[in-house]
Amino acid sequence: MLKRILPLVFLFLNCCNLCHSQWIEISNQKASQEPTELGGPRIVAEYDINDKDISQECPAYIFIRYSKDSGTTWEFLSMEHLQGNGYGLVESSGHKKTIWWGTSETSFKTIGKTNIADFNRLKFQIRGMKMLRVPAGEFIIRSLPGGGYDESEYQESGSNLPLFYIAKYETTVAMYTDYLNEIGKEGAGWNKRMSNSSRCGIVQNGAAPNFTYSVKPGRENYPVTYVSWYDAAAFLRWCGLRLPSEAEWEKAFRGGIYLDGDKRKEHENPLPERKYPWGNELPNAEGVYRCNYDGDDDGFPYTAPVGSFDKFNCPYGACDMSGNVAEWTLGWYSTSYHVGLDGFRMVRGGSWMAVPYACDAITGATQLPLKESSIMGFRACYGTSPVRSKSDSGSVGASFGTSNGARQITAAID
Amino acid sequence: MESINRREFIKSSIGAATAFTVMSQNKSLGAANKVMLGIMGVGGRGRALLSSLVKRSDVVIKYICDADTRRYGPAAEIVMEGHDYKPKFVQDFRKMLDDDEVDAIVISTSDRWHALGTIMACQAGKDVYVEKPLSLSIWDGRKMVEAARKYNRVVQVGTQSRSAPYTDKAAEYIRSGKLGDVYLARVFLMQESGPIHVADVQPVPEGLDYDLWCGPSPKLAYRPGIWFWRLWDFYVGYIMADMTHQIDLARYLIGKKYPDTVCNAGGVYHFNDGREQPDTQFATFEFGKLTVLFEASLWSPYMHRIVHLKDKTKFPDWPFSATKLEICGTKGLMCFGRHGGGWQVFEGDSNVRESKAVVSEPATLKFGSIIDAHFDDFINCIRSRKKPKADVEEAHLSMALCHLANISYRVGNRKLKYDGKTEKFVADNEANKYLKANYRKPWVVPEKV
């Protein structure tokens, strides 16, 4: 018998900040616990999403993090047992998107067993990131993932990739600051250089173990920099996402042979071997500045706010893959000298210090994973892992962050 | 012929203690002056060196140079972060050589440019830091030494382990005779590697001067990646490119120069990627009664490279150490670990049939500190005009052993007699053909430097 309904209000997000930081604007968030007829109580979260761009081609990736101790510690809410129309890839904006889960059948189970007082300490954060659909199919790859070094054999590369989604924007200062305010109370994930106001702009406040973080005014929408490969990977795990492989990165940059994928084949890519997102003209051809590269002729001596060159996006709509910050990928670059050590990773895409040529589709650089640089950032990817598991290949390649997405991506493959 | 002993060791010219001084012909840097540098080649290794150099307040990075302009950004950013200025970028290294303000050139290109780049820099009056492997042939290396001497230049090679403090202590231990007479040194480089992938031929990317990039090596069709590492005309092989560090350490410890014979065993056994250089090499060198054995492979995942050890009580797991040396004397066995592994000496007790460590010298090092110490030596030598610990001639003698093993392989794994005085094989025309590399005009290492 159901004896009580527990009303809950526990969402904190400041919607005004979100719309400027490249989190998707999410409003009217609320949640409650409701009885069900047969399945025990369930928690229902609702929100509105107000973004005209959200579509099948540009879905919102929605994830939830929760705290059982009034916001002291937070965890990712696994999507495996969620229900409703408001989590994972959400393909339309609108009022009252719903997510619910039964408290006895999910990873949330332990909370369902707690008493009323404990339950009232629950807090939730719903966040969303704009993603771009990259349909399954052939594309032209001109780089050699991993640079032809050892570990590249363990990366799924080739010229045909399954469906995946890539973030429209590079991860911003504001997004990363939100992350730090959850996980960085002891200082993890932050380094002093991040406070550089012309190249990053994240300030650490207070003292351990209660550090907080704030964004220098006006820097919210700039790409985060000075992040190591591990920082990037950790942020994306926090979201339930991962870095793109080099092949994924290059396909998102150039587009497939057919932009609507190999199943439909109705929309042929006019320039499948394009050098730059917009075509083959140099970034500064005819006095038009198409991306943020070395110097300030393009209007930006250092990084530029993400989306500043949105007339020159990639075929699926990704912004700033050319220039601004070079982007970490999953690609390993390991010589015989470094096998067994934690080897180099590949970054792609040029930066605000790159010559125009280096902002093309194929130029990559090797970087040690601990490198924290003012010219390097990252963007998110969502899809089945491109890295073979150790049991498949005997490799030492990492595989992470994909289990939550696997169910949905399988259903969506065309 | 005899094994080395304490007296002979002292006579051997290893280390800075026996280095002689040469004065600069062109200039003498005042203590207050900063050393003006240009760096040639800013791929991964070049950027690692830059990261060390920008920690120093006594140098200025005036130039970044690379045939591939696309490498400018990541390299320039290191200088900007470390020194807060943007270095000039040049695609052709000769522009750096023409600049009188430049004191020294750091060469961190691929191997094919090491010899000619060093020689041209010496001719231009620049001191040189050049990465290993030093040369593509024994003849190249000798010409580099000749150029350094003719133009009174400091030429330091990137065999950094000579600058690790615990290396000197190990050499001193052997020199003192505590290990007894040394008859055997085993030099290991057994590790795991992977195939070299070869991409399709593609148009040369914009921003890359491919002709300059190829330099003295053949100008083959452009492909991305490191396909060229499979070819003798570009590379001494995965094994020898790294073995030069190991053998240089061994030479530093045992104080030997030229072997009487060399005999290689092995070949391309494991990888089917078209590589010309062996993935398996076991080579024997006879230095009189002292034998040096190389044991190198690229298919040994159970062997592990040493990660810089920070705990003074810990040493590498010696049996599984990929980059160890074993110096076997009549009293004791020294296990020496590269990359900050420290060293231990084991002695046996025949009564109980046991051996145990009697000396343990740890190496507590911060990552990168050996590179920093190596550059300390370079900059100090630029000022003092002394020879650096890793002087070009020492590196040449070490690299020659790598070439000798490769040549033995290339002539069918034959045992070859070598004459150190002439740096030629004794009555062996077939082997002597490999003493000199092939060059592509106009990038030819000259007979007369």
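Only the side chain of B:Arg47 comes within less than 4.5 Å of a heavy atom in chain A; its backbone stays farther off. Heavy-atom distances place both the backbone and the side chain of A:Thr363 under 4.5 Å from chain B. Heavy-atom distances place both the backbone and the side chain of B:Pro74 under 4.5 Å from chain A.
No salt bridge links B:Arg223 with B:Asp200; every basic N to acidic carboxylate O contact stays at or beyond 4.0 Å. In this structure, A:Glu273 does not pair ionically with A:Arg254, as no charged nitrogen and carboxylate oxygen lie closer than 4.0 Å. Salt bridge A:Arg348/A:Glu327: absent, no basic N to carboxylate O contact under 4.0 Å. By the 4.0 Å N-to-carboxylate-O rule, A:Arg142 lies too far from A:Asp360 to be salt-bridged with it.
Contacts of A:Lys275 classified as salt bridge (Lys or Arg N to Asp or Glu O under 4.0 Å), with partners at least two apart in sequence or in another chain: B:Glu206.
Pairs of residues two or more places apart, or lying in two chains, that qualify as salt bridge (Lys or Arg N to Asp or Glu O under 4.0 Å) and include a residue from residues 269-281 of chain B are B:Asp273-B:Arg275.
Proximity to chain B at a heavy-atom threshold of 4.5 Å picks out A:Asp294, A:Gly295 from residues 287-296 of chain A, in numerical order.
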Atom pairs and distances, side-chain donor-acceptor, residues 77-85 of chain B, under 3.5 Å, sequence neighbours left out:
residue: B:Glu77; atom: OE1; partner: A:Ser373; partner atom: OG; Å: 3.3
residue: B:Glu77; atom: OE2; partner: A:Ser373; partner atom: OG; Å: 3.1
residue: B:Glu77; atom: OE2; partner: A:Ser374; partner atom: N; Å: 2.9
residue: B:Glu77; atom: OE2; partner: A:Ser374; partner atom: OG; Å: 2.8
residue: B:Glu81; atom: OE1; partner: A:Tyr226; partner atom: OH; Å: 3.2
residue: B:Glu81; atom: OE2; partner: A:Arg199; partner atom: NH1; Å: 2.7
residue: B:Glu81; atom: OE2; partner: A:Tyr226; partner atom: OH; Å: 2.8
residue: B:Glu81; atom: OE2; partner: A:Ser374; partner atom: OG; Å: 3.4
residue: B:His83; atom: ND1; partner: B:Tyr85; partner atom: OH; Å: 2.9
residue: B:His83; atom: NE2; partner: B:Val54; partner atom: O; Å: 3.2
residue: B:His83; atom: NE2; partner: B:Arg56; partner atom: O; Å: 2.8
residue: B:Tyr85; atom: OH; partner: B:Ile61; partner atom: N; Å: 2.7

